[in-house]
Amino acid sequence: MHEYFVDLHIHIGRTKSGRAVKITGAKSLTFSNIIRHARDYKGLNMIGIIDSHSPEVLDEMEDLLDAGELAEHPEGGLNYGRMSVILGSELEINDESTQGPIHVLCYLPSLQTMRTFSSWLANHLKNIHLSSQRVYVSGRVLQKKVKELGGIFIPAHVFTPFKSLYGKGVKDSLSEVFDAALIDGIELGLSSDTNMADQLAELHRYPFVTNSDAHSLAKIAREYQKIEMAEPSFRELKLALNQMEGRGIKANYGLDPQLGKYHRTVCAECLAFNPAYDQACSECGSVKKVKGVADRIQELKTSDGNQYGRPSYIHQVPLEFIPGLGPKMLEKLMDHFGTEMAVLHSVPLDSLKQVIPEKTAIIIDRARRGQLAFHAGGGGKYGKISD
């Protein structure tokens with residue numbers, strides 16, 4: 001067995017021809033740019049492209065296969081050298097069984113099964129070329145289709161206030177919308193962690209995944225996991241999510257929830273922190289609030305958490321959050337140490353000090369040790385390091 005760094009939620013911003021896929025995604029987020037950056041700059045071993053259903057994206061993959069730059073793995077996924085690409089699709093469920101929109105992640109084993117899924121989706125949504133589109137079938141129907149094709153089904157960023165399972169989608173339980181037996185994992189999102197999520201007893205049965213939901217190249221691997229597998233392939237990923245045959249998630253790396261954009265409840269008008277959701281804002285008088293993830297979890301709490309057997313959740317501060325670490329200094333680190341994964345996991349403090357200012361090197365090291373303090377985020381605004 002080997003350990004691999006994995007980020008399963010990366011968006012396509014534009015196709016090779018310049019056509020928009022994720023409208024809010026950066027134009028530099030083309031398939032070819034993503035796979036190069038994820039492998040050679042970030043140092044990832046497996047990535048999930050969750051706009052792979054878009055026909056022009058599928059065509060670009062086909063072109064790269066024909067050119068010999070990609071190769072189909074016999075056990076699923078596409079090999080880009082030492083890195084595996086898993087094909088996925090982010091979709092929105094919003095039917096009569098939901099309280100509001102829910103985003104989900106659907107992963108398929110091969111280019112052919114994704115083309116089949118894309119053709120099926122084209123009959124059930126308005127624009128097959130775009131990301132995160134509303135699909136006009138129920139959650140259970142979508143689950144069954146994904147399973148029919150041998151796929152993986154994971155609710156996305158489940159606690160965020162907008163377009164998520166618990167943020168908007170259900171009153172109390174995932175069983176209101178989904179078949180609990182056909183869920184392969186739960187994506188936590190940037191404003192929660194394992195200890196918070198395990199306060200919902202119905203989630204104890206599922207593995208937790210931590211992914212970037214990247215809308216730009218820089219955001220790739222701001223959250224990720226370390227997975228033990230025999231090799232990076234779709235079949236091995238599926239075994240790992242089910243903790244079968246010695247495979248499994250060994251560690252989740254994610255932002256301290258306080259750094260997330262929706263950790264605390266805030267006023268929707270002035271973004272002042274408002275712990276009392278049902279009272280007017282003390283700053284501007286508005287009664288409109290954006291409920292924080294921490295408060296929503298307390299509403300849903302059915303367990304004291306602390307599930308034994310979970311992999312460690314390591315509060316990882318992305319390098320872009322480090323005060324004083326600008327693009328030029330970051331490039332200097334990459335020139336010396338190769339990838340962000342190397343800087344975050346293996347480069348000694350003394351080596352960092354030889355390349356960048358000592359103060360910045362020490363902050364990176366303290367971040368790796370979980371020794372930083374934060375100002376919490378909320379209402380769409382990221383938290384900040386307070387040190």
Side-chain angles (χ1 to χ4, degrees), residues 9 90-106 132 134-144 146-147 152-211 213 241 252 254 257 260-266 268 274-279 287-310 313 376 378-380:
H9 192 152
E90 183 173 32
L91 299 164
E92 181 175 302
I93 301 294
N94 192 6
D95 62 18
E96 65 278 357
S97 67
T98 67
Q99 305 287 313
I102 301 171
H103 280 195
V104 299
L105 305 172
C106 307
S132 311
R134 178 178 176 182
V135 56
Y136 290 87
V137 298
S138 71
R140 288 180 174 85
V141 168
L142 180 61
Q143 286 180 288
K144 289 177 181 177
V146 171
K147 293 302 176 180
I152 293 169
F153 185 90
I154 298 177
H157 44 72
V158 295
F159 296 112
T160 53
F162 309 107
K163 299 184 178 181
S164 78
L165 178 62
Y166 295 110
K168 285 288 185 183
V170 299
K171 182 181 179 183
D172 298 304
S173 171
L174 58 82
S175 62
E176 296 166 30
V177 178
F178 298 124
D179 182 338
L182 300 183
I183 293 174
D184 296 290
I186 295 292
E187 185 184 66
L188 297 183
L190 304 184
S191 297
S192 65
D193 61 14
T194 293
N195 289 335
M196 295 172 69
D198 262 337
Q199 294 179 64
L200 278 67
E202 71 175 358
L203 298 184
H204 291 173
R205 65 189 289 186
Y206 303 113
F208 292 156
V209 294
T210 40
N211 300 313
D213 193 1
L241 291 174
N252 294 102
K261 294 194 293 184
Y262 300 107
H263 183 64
R264 293 183 60 183
T265 297
V266 301
N274 282 266
Y277 188 74
D278 57 351
Q279 296 179 13
V287 295
K288 297 179 180 179
K289 304 287 177 60
V290 177
K291 187 175 292 184
V293 167
D295 292 324
R296 178 58 173 149
I297 288 175
Q298 287 306 302
E299 290 180 352
L300 297 165
K301 183 175 178 178
T302 52
S303 168
D304 60 1
N306 301 319
Q307 288 300 294
Y308 297 104
R310 288 274 189 206
Y313 190 106

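- Annotation: ring pair (Phe, Tyr, Trp, His ring centres under 6.0 Å) contacts of F162 (sequence neighbours excluded): Y262.
- Remark: K144 engages no residue in a salt bridge (Lys or Arg N to Asp or Glu O under 4.0 Å) (not counting sequence neighbours).
- Residues in residues 177-189 take part in these salt bridge (charged side-chain N to carboxylate O under 4.0 Å, His left out) pairs, two or more places apart or across chains: K147-D184.
- Evaluation of the side chain to side chain contact (heavy atoms under 4.5 Å, CB included) rule for T210 yields L188, E223, Q225, N252, Y313 as partners, not counting sequence neighbours.
- For S192, the side-chain hydrogen bond (donor to acceptor under 3.5 Å, both in side chains) test picks out no residue, with sequence neighbours left out.
- Listed by chain and residue number, S97 satisfy the side-chain hydrogen bond (donor to acceptor under 3.5 Å, both in side chains) test with D95 (two or more places apart in sequence, or in another chain).
- Residue pairs meeting the salt bridge (charged side-chain N to carboxylate O under 4.0 Å, His left out) criterion with at least one member in residues 155-164, sequence neighbours excluded, are E92-K163.
- Considering I297, T160, L174 as possible partners of Y166, the one that fulfils the side chain to side chain contact (heavy atoms under 4.5 Å, CB included) test is L174.
- Not a single salt bridge (Lys or Arg N to Asp or Glu O under 4.0 Å) links K168 to another residue, sequence neighbours left out.
- Applying the side-chain hydrogen bond (donor to acceptor under 3.5 Å, both in side chains) criterion to K288, with sequence neighbours excluded, gives no partner residue.
- Under the rule for a side-chain hydrogen bond (donor to acceptor under 3.5 Å, both in side chains), the partners of S132 that lie at least two apart in sequence or sit in another chain are K22, E90.
- Within the 4.5 Å cutoff, the side chain of I186 has heavy atoms near those of the P155 side chain.
- In this structure S173 satisfies the side chain to side chain contact (heavy atoms under 4.5 Å, CB included) test together with S175, E176, E202, sequence neighbours excluded.
- The ring-ring contact (aromatic ring centres under 6.0 Å, His included) contacts involving residues 167-190 comprise F153-F178, where partners must be two or more places apart or lie in separate chains.
- Between V209 and L241 there is a side-chain heavy-atom pair separated by less than 4.5 Å.
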